[in-house]
Amino acid sequence: MASSACQIRTPMQVKKAEFVISNTDIKKCPAPAMPEYAFIGRSNVGKSSLINMLTNRKSLAKTSGKPGKTQLINHFLINDSWFLVDLPGYGYASVSKGQRLEFAKFIKKYLENRENLMCLFVLLDSRLKPQKIDMEFMQWLGEKGIPFVMCFTKQDKLSKSAAAKNLANYKKEMKQIWEEIPPIFLTSSIDKKGQDEVLRFVEKTNKLF
Ligand code: GTP
Ligand code: MG
């Protein structure tokens with residue numbers, strides 16, 4: 001039978017993914033001539049793993065079971081046309097001070113000044129209830145007018161019903177602060193959940209550059 005006229009188009013394919021540079025100085029980042037997407041969140045939430053999953057690479061970004069692996073601003077060039085950026089986690093150094101929002105000055109500078117940053121992916125562990133540090137960070141993004149989406153990671157680590165319950169709870173808490181909740185992605189670096197959705201989002205957003 002002939003295929004229907006309204007089939008879903010396959011998302012962009014990642015044909016090329018290469019490491020460009022690591023640094024702590026926004027001035028040394030690649031020229032802001034292409035759209036860029038950065039990944040942030042608490043240490044160990046799965047930022048580097050998600051970058052590998054999206055690009056179908058095993059170790060483009062360095063991952064580790066121990067928190068604090070990524071320490072620099074890492075630029076990856078995708079399909080010669082857009083950047084993915086792996087950032088260090090926040091919150092790691094501040095645990096002893098009672099989960100105070102704290103992240104390196106150079107990350108703050110990067111987020112406030114990177115002109116081609118189309119959107120920041122704020123990664124959140126699907127298993128956890130809303131954490132004060134993440135809520136505060138997103139509030140800070142709101143104050144600064146930095147566009148972001150929420151990305152719930154490690155979906156493979158909990159049941160569908162638990163994931164749905166946690167998500168509903170998260171949305172409820174967000175609604176107490178935000179008039180509108182940013183776009184939400186559900187991902188797993190193990191089974192590639194969310195890969196199409198994120199790549200479609202990037203493809204669409206790239207057109208706005
Ligand atoms: P830092 O660089 O230290 O801030 O951490 P990160 O956020 O980059 O986390 P990373 O990607 O290094 O992953 C941390 C740990 O979580 C590793 O042991 C990963 O294998 C594991 N992990 C990451 N994503 C997933 C996922 O989707 N599912 C499961 N089951 N494990 C994951
Ligand atoms: Mg990392």
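Note that this is a predicted model, so its numbers are computed, not measured. If you read the sequence from its start, that first residue is 1, and numbering goes on from there. Counting convention: from 1, in listed order, for ligands and their atoms alike.
For ligand 1, the atoms lying closer than 4.0 Å to a non-hydrogen atom of S188 are 27 (O). Using a 4.0 Å cut-off to heavy atoms of G65, the atoms of ligand 1 that qualify are 18 (O). Taking every heavy atom of S48 and a limit of under 4.0 angstrom, the matching atoms of ligand 1 come to 8 (O), 11 (O). Listed by atom number, the atoms of ligand 1 under 4.0 Å from G89 heavy atoms are 4 (O).
In terms of protein heavy atoms, atom 27 (O) of ligand 1 is closest to S189 N, 2.7 Å. The protein non-hydrogen atom at the shortest distance from atom 9 (O) of ligand 1 is G46 N, 3.2 Å. Protein heavy atom nearest atom 5 (O) of ligand 1, with residue, atom name and distance: N44 N, 3.0 Å. If you check which protein heavy atom lies closest to atom 13 (O) of ligand 1, you get S49 OG, 3.4 Å. In this structure, atom 2 (O) of ligand 1 lies nearest to the protein heavy atom T70 OG1, 2.7 Å. Nearest protein heavy-atom neighbour of atom 31 (N) of ligand 1: K157 CE, 4.0 Å.
When the shell of 6.0 Å around NZ of K193 is examined, it contains more than 12 heavy atoms from other residues, nucleotides or ligands. In K165, the NZ atom is not crowded: 12 or fewer heavy atoms of neighbouring residues, nucleotides or ligands sit closer than 6.0 Å.
Aromatic pair W178/F148: centroids less than 6.0 angstrom apart. Aromatic ring centroids of F76 and F83 lie 6.0 Å or more apart.
By the criterion of a heavy-atom distance under 4.0 Å, the side chain of D156, and not its backbone, is placed next to ligand 1. With a 4.0 Å heavy-atom cut-off, ligand 1 is reached by the backbone of K47 and by its side chain too. Contacts between P67 and ligand 1 below 4.0 angstrom, taking non-hydrogen atoms only, involve the backbone exclusively. At a heavy-atom cutoff of 4.0 Å, ligand 1 is contacted by the backbone of S64 but not by its side chain.
From Q155, atom CD reaches atom CD1 of I190 across 13.0 Å, with rounding to the nearest 0.5 Å.
The ring pair (Phe, Tyr, Trp, His ring centres under 6.0 Å) search around F106 returns none, not counting sequence neighbours.
Nearest to atom 16 (O) of ligand 1 by heavy-atom distance, out of Q155, R127, K154, K192, is K154.
Residue contact annotation: T153 has no non-hydrogen atom under 4.0 Å from ligand 1.
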Compile the donor-acceptor pairs under 3.5 Å between side chains in residues 27-37 and protein atoms, sequence neighbours left out, one pair per line.
from : atom 1 : to   : atom 2 : distance (Å)
E36  : OE1    : H75  : NE2    : 3.1
E36  : OE1    : R114 : NE     : 3.2
E36  : OE1    : R114 : NH2    : 2.8
E36  : OE1    : N116 : ND2    : 3.1
E36  : OE2    : H75  : NE2    : 3.0
E36  : OE2    : Y110 : OH     : 2.6
E36  : OE2    : R114 : NE     : 3.0
Y37  : OH     : V202 : O      : 3.4
Y37  : OH     : N206 : N      : 3.2
Y37  : OH     : N206 : OD1    : 2.7

List the atom pairs, with distances to 0.1 Å, where a side-chain N or O of residues 58-70 and a protein N or O form a donor-acceptor pair under 3.5 Å, not counting sequence neighbours.
from : atom 1 : to  : atom 2 : distance (Å)
S64  : OG     : K66 : N      : 2.9
S64  : OG     : K66 : O      : 3.4
T70  : OG1    : S48 : OG     : 3.0

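By the 3.5 Å distance cut-off applied to N or O atoms, P88 is not counted among the residues near ligand 1.
Contact between M53 and K192 at its shortest, heavy atoms only, is O-NZ, 3.5 Å. When every heavy atom of C119 is checked against every heavy atom of V149, the shortest pair comes out as SG-CG1, 3.6 Å.
Annotation: protein N, O or S atoms under 2.8 Å of the Mg ion (ligand 2) (waters excluded) comprise S48 OG, T70 OG1.
Judged by distance alone, the side chains of Q195 and N56 do bring a donor and an acceptor atom under 3.5 Å apart. S188 and D191 share a side-chain donor-acceptor pair at under 3.5 Å.
Salt bridge annotation for D80-K16: present, with a cationic side-chain nitrogen under 4.0 angstrom from a carboxylate oxygen.
Both L141 and M174 are part of a single hydrophobic cluster, where members link through side-chain heavy atoms under 4.5 Å apart.
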